[in-house]
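Structure record follows, encoded as structure tokens.
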Number of protein chains: 2
Amino acid sequence: MEKFGKVDEYLSVRGIKPSYQRIKVFDYLIRYRNHPTVDTIYKELVGEIPTLSKTTVYNTLKLFHDKGIVLVINIEDNETRFDADVSNHGHFKCIKCGEIYDFRLEAENLNLPDLSDFKIDEQHIYLKGTCPKCE
Amino acid sequence: MEKFGKVDEYLSVRGIKPSYQRIKVFDYLIRYRNHPTVDTIYKELVGEIPTLSKTTVYNTLKLFHDKGIVLVINIEDNETRFDADVSNHGHFKCIKCGEIYDFRLEAENLNLPDLSDFKIDEQHIYLKGTCPKCE
DNA sequence: GTATCTGCAAAACATTTGCAATTCT
DNA sequence: AGAATTGCAAATGTTTTGCAGATAC
């Protein structure tokens, strides 16, 4: 994951003090790139960090989101997921296996009409269906 | 709202018994077109239907969704909203006033790449930013 | 030593479930 | 009467909040 350089430096540069917990959470996000929920992150890390609390995971992800280094993914109404890839891309969720795939989104692919007076800050494209493995 | 004809008929044709509560909920959706949450619908209708319970609103919206006559909108992670317009359109949420706007989506506007092996059932386009009124 | 960060416990919400009462035909 | 619908109360699950202790600079 050279793209991020050393994680503590990546965080520092963006005004986030690189605490042990924050480094581990961010490291998890970029290592697995699996669009995890808070619960997934917590369960994965608590083995390594026995004192970890979910509150800290919530705090950390909120901070990351405020600082613009993670995206919040609301593709399903009963689970909030997170993504450290903040580039412009879309998400596809397979309704059979539950896997979430990323796909590239070129600007010209989204030529939205009559929104000239709207200032667009965020753009989320969510698709649902069946992935090649499950078809 | 001629598009829906009489609500009880619209529901019946789609295999939904048009109970008083169901008619009122659907009527609310098509009359206000305001992408309400369960709570909004409940609060609006309980004045008119004093015995109404939130459970019934939940049951009703789940039934409507299963039968394909409402869309679930997850533009925000802390609120599930509903839309009786099931045509292909996108949603824009103003982060200042909170209003949600619909916008048309033509097929050629969404020319998504390399998804030929994926079977797409649902497509959600959510934008966030500032609306003309709030700019 | 003072700020910040962490994590426990409780609170606040949103949603679901079980079941009994009601309604409809 | 029988089947479906409604609605209460309780359970569940997720996220937030208050605060005390730990950690970092």
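Numbered from 1 within each chain, the chains take letters A, B, ... in sequence-line order.
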Rounding to an integer number of Å, can you tell me how far [X] [atom1] sits from [N] [atom2]?
X	N	atom1	atom2	answer
B/Ile23	D/dT5	CD1	C1'	13 Å
A/Arg22	C/dT4	CZ	P	11 Å
B/Leu61	D/dT6	CG	C1'	15 Å
B/Ile16	D/dT5	CD1	P	10 Å
A/Leu63	C/dG7	CG	P	15 Å
B/Arg81	C/dA14	CZ	C1'	14 Å
A/Lys24	C/dT6	NZ	P	14 Å

Heavy-atom closest contact ([X] atom, [Y] atom, distance):
X	Y	answer
A/Asp85	A/Leu71	O-CD1, 3.5 Å
A/Val70	A/His65	O-CD2, 3.3 Å
A/Glu79	A/Lys93	OE2-NZ, 2.9 Å
A/Tyr101	A/Cys131	OH-SG, 3.2 Å
A/Pro18	A/Ile23	O-CD1, 3.4 Å

| said: Going by purine N1 to pyrimidine N3 plus the second Watson-Crick contact, or the G-U wobble pair, all under 3.5 Å, which nucleotide sits opposite C/dT23? | reply: D/dA3
| remark: Mate of D/dT15 across any strand shown (Watson-Crick or G-U wobble, both atom pairs under 3.5 Å) is C/dA11
Between N or O atoms, less than 3.5 Å apart, protein on one side and nucleotides 20-25 of chain D on the other: list the pairs.
none

| Going through the checks in order, is the side-chain hydrogen bond (donor to acceptor under 3.5 Å, both in side chains) test met by A/Asn74 and A/His124? | CA-CA 9 Å; A/Asn74 286 131; A/His124 300 268; over 6 Å; no
| message | Using salt bridge (charged side-chain N to carboxylate O under 4.0 Å, His left out), reason through B/Glu48 and B/Lys24 one step at a time and then give a plain yes or no. | response | CA-CA 9 Å; B/Glu48 206 181 341; B/Lys24 286 296 187 183; 2.6 Å; yes
| Taking only side-chain nitrogens and oxygens of B/Gln21, does any of them come within less than 4.0 Å of OP1 or OP2 of D/dG7? | yes
| message | Taking only side-chain N and O atoms of B/Thr80, does any of them lie within less than 4.0 angstrom of OP1 or OP2 on C/dT15? | response | yes
| With nearest nucleotides of DNA chain C determined for B/Tyr20 and B/Asn59 from heavy-atom distances, which residue corresponds to the more 5′ nucleotide? | B/Asn59
| said: Quick check on contacts: within residues 71-79 of chain B, what sits under 4.0 Å from DNA chain D by heavy-atom distance? | reply: none
| Hey, can you pull the residues of residues 34-58 of chain A with a non-hydrogen atom under 4.0 angstrom from DNA chain C? | A/Thr51, A/Leu52, A/Ser53, A/Thr55, A/Thr56
| field | Atom pair CZ (B/Phe92) and CD1 (B/Ile100), whose distance is rounded to the nearest 0.5 Å | value | 10.5 Å
| query | Nearest 0.5 Å, what's the CD-OH distance between B/Glu76 and B/Tyr126? | reply | 11.0 Å
| message | Between A/Phe103 and B/Phe118, is the ring centroid distance below 6.0 Å? | response | no
| Lys/Arg cation over aromatic B/Phe26: B/Arg22, 6.0 Å, 45° cone | no
